[in-house]
There are 2 protein chains.
Amino acid sequence: MVWSIDYHSGVPVYLQVVQQVQSAVASGVLREGDQLPSVRALAEQLRVNRNTIARAYGELEHAGALENRQGSGCFVRASATPLRKAVRTERLTGAVDSLIVQAHTLQVSDDDLRGLLDERLTEFDARRKSEE
Amino acid sequence: MVWSIDYHSGVPVYLQVVQQVQSAVASGVLREGDQLPSVRALAEQLRVNRNTIARAYGELEHAGALENRQGSGCFVRASATPLRKAVRTERLTGAVDSLIVQAHTLQVSDDDLRGLLDERLTEFDARRKSEE
DNA sequence: TTGACTGTCATATGACACCATGACAGTTTT
DNA sequence: AAAACTGTCATGGTGTCATATGACAGTCAA
């Protein structure tokens, strides 16, 4: 798995780690049972403090994506959202609306936005397949 | 225009104001030449400090969405992005990818995501039309 | 011109998020 | 048992966000 942190993006480092793990799970790079780099190892690799990584892993455990075992390591859990579909869709709606606003701000047309989503979905799908 | 600030969302107030202005412009509630509430008036209405609103308006002016004239007020500018289409699309791509990851994390299927985007785009379009 | 409105800037202060240092606790291997 | 690994917690520094306040500068109407 490839990690990359942008220290000047304004996005907290621990959040970038969280998002990259989620992204890796979404694209099939990480699968159920996989072990993540140890807190110290990843911290050293990214030149970041151990606690920053520990916090990221902690958030992911809280969200149900990871299982952290003291002494053993951190492992990807089987994803099983306890939320009803209506709730999940509602949460996505906010993100979709933000995207639409951003598209309009950048003066990208609705059709181009639809096309871009299709394109990226296909890209993700291809990556998932190639990981099998 | 309706304003609503969530003080417990963790999102900085000034950013919420920025996003709501962008959203209002995107949905046609605000149009070129429209005057926004004065810094002091909006600050009082939202029970927020003047500087917080001033910062939001300042960011929006820096982004090219507003023109702030000392003594007169703050006005919506004609949107004209100086960026090439390729650059704009590239910026959107990051947001689209985040959305895809979030959809996967929430276990929403690709088709449902496409449908949701269509639904929200239609909703925005209807709102734009009704503002004319 | 005067007064009331606009936006802007500088400063100080408090709360909180982020991140780093060091110590601690559990597990696995030797 | 000892060593080397794992994750975790308490503490303190630093920066951002928001507040409060005061002062200044430009615009417009009475």
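Within every chain, numbering begins at 1; the chains are lettered A, B, ... in the order of the sequence lines, protein sequences first and strands thereafter.
- For D:dC9, the OP1/OP2 oxygens have no side-chain nitrogen or oxygen of A:Asn51 closer than 4.0 Å.
- No hydrogens or angles were tested; on distance alone, nothing pairs the side chain of B:Asn49 with the base of D:dA18 as donor and acceptor under 3.5 Å.
- Of the candidates C:dA20, D:dT27, C:dG7, the closest approach to any side-chain atom of B:Ser72 belongs to D:dT27.
- Using a 4.0 Å heavy-atom criterion, one finds that B:Asn68 contacts the sugar-phosphate atoms exclusively.
- At D:dC17, one or more side-chain N or O atoms of B:Arg55 fall inside 4.0 Å of OP1 or OP2 (strictly under the cut-off).
- Rounded to a whole Å, the CD atom of B:Glu44 is 15 Å from the C1' atom of D:dA20.
- Remark: A:Thr52 is in phosphate contact with C:dA20, judged by side-chain N or O atoms under 4.0 Å from OP1 or OP2.
- Taking only side-chain nitrogens and oxygens, B:Arg69 never comes nearer than 4.0 Å to OP1 or OP2 of C:dT6.
- An OP1 or OP2 oxygen of C:dC18 is reached within less than 4.0 angstrom by a side-chain nitrogen or oxygen of A:Tyr14.
- Taking the charged nitrogens against the carboxylate oxygens, A:Asp111 and A:Arg114 do have a contact shorter than 4.0 Å, which makes a salt bridge.
- Rounded to whole Å, the distance from CD on A:Glu67 to P on D:dG7 is 13 Å.
- The residue B:Glu61 sits close only to the backbone: its heavy atoms come under 4.0 Å of sugar-phosphate atoms, none of a base.
- In the interface, the side chain of A:Gln70 is not paired with the base of C:dG26 through any donor and acceptor atom under 3.5 Å apart.
- In this entry the distance linking OH of A:Tyr7 with C1' of C:dC18 reads 14 Å, nearest Å.
- In this structure, the CG atom of A:Leu42 is 15 Å from the C1' atom of C:dC19, given to the nearest Å.
- Between the P atom of D:dG7 and the CG atom of A:Leu60 lies a distance of 13 Å, rounded to the nearest Å.
- Two residues are said to be in side-chain contact when any heavy atoms from C-beta on lie closer than 4.5 Å; B:Ile5 and B:Val48 fail this criterion.
- Side-chain contact, B:Ser98 with A:Gln19: no donor N or O sits under 3.5 Å from an acceptor N or O.
- By the 4.0 Å N-to-carboxylate-O rule, B:Glu90 lies too far from B:Arg88 to be salt-bridged with it.
- Spacing between atom CD of B:Glu59 and atom P of C:dG7 amounts to 17 Å, rounded to whole angstrom units.
- Atom pair A:Ile5:CD1 and C:dC18:C1' shows a separation of 14 Å (rounding to whole Å applied).
- Here the CD atom belonging to B:Glu61 is positioned 7.5 Å from the SG atom belonging to B:Cys74, to the nearest 0.5 angstrom.
- Taking side-chain N and O atoms only, B:Ser38 has a distance below 4.0 Å to OP1 or OP2 of C:dT6.
- Counting to the nearest Å, the P atom of D:dG7 and the CG atom of A:Leu36 are 9 Å from each other.
- For D:dG7, the OP1/OP2 oxygens have no side-chain nitrogen or oxygen of A:Tyr57 closer than 4.0 Å.
- Along DNA chain D, the nucleotide closest to B:Arg47 and the one closest to B:Arg50 are compared, and the more 5′ of them pairs with B:Arg47.
- Pairing each heavy atom of B:Arg77 with each of B:Glu32, the nearest pair is C-CG, 4.2 Å.
- Relative to the side chain of A:Cys74, the nucleotides D:dG7, C:dG7, C:dC19 differ in distance, and D:dG7 lies closest.
- Across D:dT21, D:dT6, C:dT6, the shortest atom-to-atom separation from the side chain of B:Arg40 is found for C:dT6.
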